[in-house]
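These notes concern the structure reproduced below.
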Amino acid sequence: MTKRYGKLTALRNLDLTVEEGAVFGFVGPNGAGKTTTMRILATLLRPTAGEAWVVGHSVLNQRREVRRAIGYMPDFFGVYGDMKVWEYLDFFAACYEIPPETRQLLTDDLLELVDLAHRREDYVDALSRGMKQRLCLARTLAHDPRVLILDEPASGLDPRARIEIRELLRELQGMGKTILVSSHILSEIQEICTHVGIIEAGQLVATGTLAEMRKRIQAQRIVRIGLTGRIEEAQDWLSSRPDVMEVQPVTRNGEGDLQFLFSGDDDGLARFLSELVAAGFPVVMFREESGDLEDLFMRLTKGVVS
Amino acid sequence: MRERWRTILDHPLFQLELRRVRRRRWWPGRRFFLFYPALLGCALGYGVMVTFAGSLENRLGILVTGVPGVCLLSVINWLLVLGLTWIAPALTAASIARERELGTLDLLQTTLLSERSLVLGKLAGCLAQLWPGLLTMALLTPFQLLLASSSGAIFSLGSWPGVWFEGGDAAWMGVGTWLGLLLMSGLGLLRPWSDIALHAAVGLFVSALARSASVAVVVSYGVILGIRAALYLVNALLSAVLAVIPGLLMSGALAGGMSEGLVGGLLMAPIIITSLGIICIQVVGAVLLVYAAIWWLRQA
């Protein structure tokens, strides 16, 4: 898909497949094109070029079928503050053509699911942000969609509310729903996603299962060493090696540490250490920093925003 | 409609607005309209008296007695028309733009509501807010017609039943004028409805485009003032052109031996044609604007 807004290209030949039943984490800096992609999938925008399908329905020609299949929660969503919580859900259930007879039961079930049953008769305005977010999530579930498209569902929430949303997503995954969730908070995504896609400047930089991503991270491990002296010399020595990249000094309590990327397996790392000691450097600390999604993200993206 | 709701009354957006409206403390309930049967009774009695009151002097006397009441009704009607024609566009202009401002438009658009259903539902929601005014206006229509009929009867020198008893050319002249007056006031009564429809449609269309409700309201008022000025010009031009015709018709008709009574009615033809034209333009414009709003939302 490609999407242009005037001269600005928001998406550049984005090609993405999300498997059924997956929780796909969509990661990228602000302005990378996450929201644009999601809005296209939610039939709110038309791509300038290309095509997208949701559960086999084209977002261009079968919008109604797509809308029936998806539950969409935008990053900036409004609620009708002057409605009661149950009325809010009832209204959207009506918009999804759910007959009045079953709506009451459905509303109760949804409120139970998002843990808002005790606030049923309250006005939406009286809810906290986290509760509103949960209410909005309940709204997206009104017609029992197969796919959920959630744009930054946890943005602006306190840690507790964030964990509650995460638990909810887990529960929904257990119900067999395919979830496309975007976030710029990587630790969150890491915990709930089965698949991850990293997008920057409208292009998909990396995509795969979380395990694949981990492997990718480990192919280049981050190593940190502490020396009592000869730091500049060590820096040169490291830089001259083919299996070491991006050497940079890190200061820790006044002492000089060095951090670098090392490509190689565990044996290679052990060999590297013995060579380092053999070269006569006063090594006091040698450790591998655990690489996570955040590092991968930082390494793959350049901070470019289209 | 493919949607499940059979009538517009079942539409979720209409129901939503109705729920909001009902929550207002100052909102008149159904009791508000209990005044109507009483009013209707008085007016009917009055109309019958004016129509059947024998001599012209008696009729004039009765008419004058009823003047305060008639004036009051006219003033109420006038205020209603004025209010509704300018409140309706503000409501419709705020409707869709407000949803967009709140961020709820995206939510609505991803539901099964089609764009057409969304726009019509929003329009219905505005009607839900205006129904007491609209209903009062509709209920006052018979009084206006009755008034037109009786004053028409007075001014045309003979009431409808009187015509048959008196007979002759003078009576026919009366009938023509009376019918003409009645048609004119009928169109005059339709005109405010077409005004309201057009203004509401302009508001709705601007609302579909605008980012925020306040901008939409201001722009709508501007557009409506522009349209009003344009229609005023059209009206003036049409009247000027059509004013020539009765003269021609009349000379031709009289030469051809046509009844003077019908000629009296013909005198009013230009005004009638002009009002009819303006009403048609407004109604067609309103429908087109609503469809334009739907089309715009479909473009995403």
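Computed from a predicted model, the values in this text were never measured in an experiment. What you see below is based on every heavy atom in this structure, not just the backbone, and it leaves out hydrogens, waters and symmetry mates.
Using a 4.5 Å heavy-atom threshold, the side chains of B/Thr111 and A/His143 count as separate. Residues A/Phe91 and B/Leu13 form a side-chain contact, since some pair of their non-hydrogen atoms from C-beta on lies under 4.5 Å apart.
Separating the CG atom in A/Asp82 from the CG atom in B/Leu16 is a distance of 7.5 Å, to the nearest 0.5 Å.
Shown here is B/Trp78, whose CH2 atom has no more than 12 heavy atoms of other residues, nucleotides or ligands within 6.0 Å. Counting non-hydrogen atoms of other residues, nucleotides and ligands closer than 6.0 Å to CD of A/Glu112 gives a total of 12 or fewer. Annotation for A/Glu121: atom CD counts as buried by contact number, over 12 foreign heavy atoms lying within 6.0 Å.
Formation of a donor-acceptor pair under 3.5 Å by the A/Arg64 side chain with backbone atoms of B/Leu112 is found in this model.
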Check: Which is it for B/Leu108 and A/Phe92 under the side-chain contact (heavy atoms from CB on, under 4.5 Å) test, yes or no, and what are the steps along the way?
Finding: CA-CA 8 Å; B/Leu108 288 179; A/Phe92 278 105; 3.9 Å; yes

Notebook entry, point to check: Stepwise, does the side-chain contact (heavy atoms from CB on, under 4.5 Å) test hold for A/Thr43 with B/Gln109?
Noted result: CA-CA 8 Å; A/Thr43 69; B/Gln109 279 193 292; over 6 Å; no

Next item on the list: Kindly indicate, with the supporting measurements, whether the criterion salt bridge (Lys or Arg N to Asp or Glu O under 4.0 Å) is fulfilled by A/Arg63 and B/Glu115.
Entry: CA-CA 11 Å; A/Arg63 283 142 72 96; B/Glu115 281 79 5; 3.4 Å; yes

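Between chain B and the options A/Arg39, A/Met73, A/Met83, the largest number of non-hydrogen pairs under 4.5 Å is found for A/Arg39.
For the residue pair A/Cys95 and B/Leu113, the shortest heavy atom distance occurs at SG-CD1, 3.7 Å. Residue A/Arg46 comes nearest to B/Gln299 through the heavy atom pair NE-O, 3.6 Å, listed as atom of the first residue, atom of the second, then distance.
Interface with chain A: from residues 87-105 of chain B, residues B/Glu99, B/Glu101, B/Leu102, B/Gly103, B/Thr104 qualify, criterion being any non-hydrogen pair under 4.5 Å. For a heavy-atom cut-off of 4.5 Å, chain B lies close to no residue in residues 102-111 of chain A. Residues of residues 65-72 of chain A lying within less than 4.5 angstrom of chain B, judged on heavy atoms, are A/Arg67, A/Arg68, A/Tyr72 in numerical order.
Shown here are the side chain to side chain contact (heavy atoms under 4.5 Å, CB included) partners of A/Ala161, two or more places apart in sequence or in another chain: A/Leu157, A/Asp158, A/Glu164.
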